[in-house]
Amino acid sequence: MRVRFPPSPTGLLHVGGARTALYNWLFAYGQAKREGKPGQFIIRIEDTDRARYVPGAAEALLDILEWFGLTWDEGPDKGGPYGPYVQSERIEIYREHAEKLVESGHAYPCFCSPERLQKLREEQQARGLPPGYDRHCRNLPREEAAARVAAGEPHVIRFAMPREGETRIYDLIRGEIVFENAKLEDLVLLKSDGFPTYHLANVVDDHHMRVTHIMRGEEWIPTAPVHAQLYRAFGWEMPAIAHMPLILAPGGGKLSKRHGSTALEEFRAQGYLPEALMNYLALVGWSLDGVTEIFSKEDLLKVWSLERVSPSPATFDYKKLLWFNQYYINHIISLDDLTSRVVPFLAREGLADPAAADPSHPDFPRIREVVALFKDRLETLAQAPELMSYFLRDELEPYDPALLVPKKTEPAAVLDALVATLAILEEMDVADEAGVEARLRALAEERGLKAGQLFMPIRVAITGRDKSPGLFETMRVIGNERVRSRLAAAIELLRERVGAGIGSD
RNA sequence: GCCCCCAUAGUCUAGUGGCCUAGGACGUCACCCUUUCAAGGUGAAGAUCGCGGGUUCGAAUCCCGCUGGGGGUACCA
């Protein structure tokens with residue numbers, strides 16, 4: 001079984017496209033192989049729209065697909081027996097095929113100008129008629145049409161759709177869909193610039209590339225009957241076809257920047273793990289049993305099947321994606337792996353050497369120690385620099401001294417307690433977590449403070465924040481020297497406030 | 001307007017005629033744990049299975065209509 005993913009290099013890869021690619025990939029490498037059939041996945045670049053072409057987009061598409069975790073047998077970067085896999089390099093093939101259809105009477109040259117078509121549409125709309133080409137040139141005598149083409153008159157090639165009867169499409173996930181031919185249009189097959197439209201190129205390529213199953217987005221359903229008629233006109237067997245449900249934006253309608261990120265590149269930059277994204281995306285429109293939620297790529301290959309893809313559109317849920325990401329960080333990937341993945345994000349903020357992503361790098365163990373404290377606190381990799389900066393820099397960022405004094409606590413009492421804490425820590429090694437904890441709990445008791453009333457000021461003093469990992473592990477990782485100097489600095493800050501008579505509140 | 005697709009809680013879904021007093025997950029709320037934040041644990045609220053007709057002894061599950069949502073209607077894919 002051969003499937004394909006044919007992106008158009010007009011921009012970044014969307015989550016919808018990514019899911020379609022994933023499902024095709026799972027069909028070829030999972031389901032097909034389980035059924036004992038060979039499965040191949042091919043990538044084809046559909047760059048037939050010169051106006052929307054974005055240089056570099058094709059390369060970016062392949063790059064992000066690889067990041068996502070997909071692989072392919074044939075494609076523009078690796079060739080294959082049915083190449084080239086870039087449509088702009090196949091124009092000659094499309095032209096020949098269009099000519100064949102003209103000869104067999106299945107297509108015809110159309111000389112209508114864009115202006116005439118525009119006017120036609122406006123008139124139809126004004127009169128409340130369905131807009132569409134009026135098949136003006138379909139009735140031109142063949143000799144006249146041929147002569148005008150020979151004379152070099154600008155034209156397109158249109159498909160001559162049957163005017164009567166109906167076309168039935170058997171969609172693998174929706175069943176039979178019936179279209180009345182009379183309601184379908186004579187679509188353009190070859191544009192006046194000589195490039196094919198999607199309809200021609202797609203059909204010709206799928207046939208010549210031996211594609212057996214077409215799995216594409218639901219937005220293509222309306223053109224499926226035209227494609228079916230094209231296969232018939234060529235005398236080819238049409239591949240099996242399935243239309244994947246659309247992924248909608250939270251408010252309804254198409255997913256767009258307005259709602260948040262939509263491109264895989266954005267999720268990558270925000271520190272989403274490809275594994276988490278794949279797991280989430282697999283579950284938008286597909287489920288195994290309604291209960292199992294965590295699927296590795298290998299799991300999906302074992303259990304995913306087209307039959308269980310839902311026909312109904314789904315809303316993209318950013319919160320659930322975030323949950324998956326956090327779950328993978330917290331519970332699925334190893335500490336070493338997480339450390340390696342976090343380093344590039346730290347490096348971007350100057351908090352680590354980019355080379356430290358390698359476990360053999362001398363900085364790796366130190367960074368891993370910090371990352372360990374955040375393994376169940378990180379939602380995305382991109383949060384790492386902000387969360388971990390006070391471990392990785394010697395200097396603390398300036399903080400509000402008011403944070404040092406918890407509610408319902410006297411600033412003077414806090415000051416005394418911190419002075420005592422510093423005295424204690426000058427005698428102890430923070431590596432002795434349990435010992436430090438026992439000693440400081442005793443101190444709190446001596447001073448008549450609740451543990452939190454002592455621990456929070458210490459936390460703020462050594463981190464500059466009122467949120468951090470456990471206090472004693474935090475001290476251990478920050479180290480004796482920095483803990484002491486930060487405590488001393490906090491004491492100075494507090495002295496100023498107490499001296500100025502500023503109370504807590 | 002016309003054509004087409006879809007329809008179980010805010011969201012993703014399980015369910016294919018009786019096992020459903022509709023299951024799971026995200027989110028929300030509460031409690032437990034607790035030095036903060038997380039993670040973890042326990043529990044709760046939340047669905048007249050879009051509405052109305054049928055079919056059937058029996059329907060979330062089958063049929064029809066309606067409504068709602070979505071897609072298409074380009075020399076874009």
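Labels below follow one simple rule: chain letters A, B, ... track the order of the sequence lines, proteins then strands, and each chain is numbered from 1.
With respect to R341(A) and E275(A), a salt bridge is recorded, a charged nitrogen being found less than 4.0 Å from a carboxylate O. Of the charged side-chain nitrogens involved, at least one lies within less than 4.0 Å of a carboxylate oxygen, so that E293(A) and K320(A) count as a salt-bridged pair.
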Can you check each nucleotide of nucleotides 71-76 of chain B against protein heavy atoms at under 4.0 Å and return B for base, S for sugar-phosphate only, - for none, in 5' to 3' order?
BSSSBB

Can you check each nucleotide of nucleotides 9-14 of chain B against protein heavy atoms at under 4.0 Å and return B for base, S for sugar-phosphate only, - for none, in 5' to 3' order?
--BBSS

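Taking atom CG of residue D206(A) and atom C1' of nucleotide A77(B), one finds them 14 Å apart after rounding to whole Å. L321(A) has its CG atom 12 Å from the P atom of G27(B), to the nearest Å. Rounded to an integer number of Å, the gap from CG of L378(A) to C1' of C37(B) is 13 Å. For the pair Y390(A) OH and U36(B) C1', the computed distance is 10 Å after rounding to whole Å. Atom P of nucleotide A39(B) and atom CD of E473(A) are separated by 15 Å, given to the nearest angstrom. For the pair R377(A) CZ and G40(B) C1', the interatomic distance rounds to 12 Å; values are reported in whole Å. Taking atom NZ on K319(A) and atom P on G27(B), their separation rounds to 8 Å, with Å as the unit. A straight line from CE of M456(A) to C1' of U34(B) spans 12 Å, rounded to a whole angstrom.
Using cut-offs of 30° and 60° for the angle between ring planes, the H208(A) and H97(A) rings count as perpendicular. In this pair, W286(A) and F295(A) present their aromatic rings perpendicular. The plane angle is above 60°, beyond the 30 to 60° band.
L255(A) contributes atom CG, which lies 7.5 Å from atom CD1 of I247(A) (distance to the nearest 0.5 angstrom). One finds the CG atom of L338(A) at 6.5 Å from the CG atom of L381(A) (value rounded to the nearest 0.5 Å). Once rounded to the nearest 0.5 Å, the distance linking CZ of F5(A) with CD1 of I45(A) reads 9.0 Å.
Ring pair W323(A)/Y280(A): centre-to-centre distance not below 6.0 Å. Aromatic pair H199(A)/Y94(A): centroids not less than 6.0 angstrom apart.
Geometric assessment of R158(A) against the ring of Y133(A) yields a positive cation-pi assignment under the 6.0 Å and 45° thresholds.
The partner of U11(B), taking Watson-Crick or G-U wobble pairs whose two distances both stay under 3.5 Å, is A25(B). Figure legend. C20(B) is base-paired to no nucleotide; pairs are counted as Watson-Crick or G-U wobble with both atom distances under 3.5 Å. Base pairing analysis places U73(B) opposite G1(B); the two distances defining the Watson-Crick or G-U wobble pair are each below 3.5 Å. In this structure G68(B) sits in a base pair with C6(B), meeting the Watson-Crick or G-U test at under 3.5 Å. With a cut-off of 3.5 Å on both Watson-Crick or G-U wobble distances, the partner of G40(B) is given as C32(B).
If F324(A) and F472(A) are placed on RNA chain B by their nearest nucleotide, the residue sitting closer to the 5' end is F324(A).
Judged by distance alone, with hydrogens and angles left aside, R174(A) brings no side-chain donor or acceptor close enough to the base of C5(B) to form a pair under 3.5 Å.
Separation of the C1' atoms belonging to G24(B) and C6(B) is 23 Å when rounded to the nearest angstrom. Going from the P atom of C2(B) to that of C66(B) covers 12 Å, rounded to whole Å. Across the C1' atoms, A22(B) and C49(B) are found 7 Å apart, a figure rounded to whole Å. Nucleotides G15(B) and A9(B) are separated by 16 Å at their P atoms, to the nearest Å. G52(B) sits 14 Å from G68(B) when the C1' atoms are compared, rounded to a whole Å. To the nearest whole angstrom, the two C1' atoms, one in C26(B) and one in U21(B), are 25 Å apart. Between the C1' atoms of C32(B) and A47(B), the separation comes to 29 Å (whole Å). Using C1' as the reference atom, C64(B) and G27(B) are 38 Å apart when rounded to the nearest Å.
Among the protein residues, F374(A) comes within range of no part of the nucleic acid, since none of its heavy atoms lies under 4.0 Å from any strand. Nucleic acid contact for I177(A): sugar-phosphate only, since backbone atoms but no base atoms lie under 4.0 Å from a heavy atom of the residue. Residue Q326(A) is in sugar-phosphate contact alone, with no base atom involved, counting any heavy-atom pair closer than 4.0 Å across all strands shown. Residue contacts for H331(A): at a heavy-atom cut-off of 4.0 Å it reaches the sugar-phosphate backbone alone, with no base atom in range.
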Show me, pair by pair, the donor-acceptor contacts under 3.5 angstrom made by side chains of residues 444-453 of chain A, not counting sequence neighbours?
{"residue": "Q453(A)", "atom": "OE1", "partner": "K450(A)", "partner atom": "N", "Å": "2.8"}
{"residue": "Q453(A)", "atom": "NE2", "partner": "K408(A)", "partner atom": "O", "Å": "3.4"}
{"residue": "Q453(A)", "atom": "NE2", "partner": "T409(A)", "partner atom": "OG1", "Å": "3.1"}

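The closest side-chain heavy-atom distance from F111(A) to L140(A) is below 4.5 Å.
For Y327(A), the listed nucleotide lying nearest its side chain is G40(B); candidates were C6(B), U36(B), G40(B).
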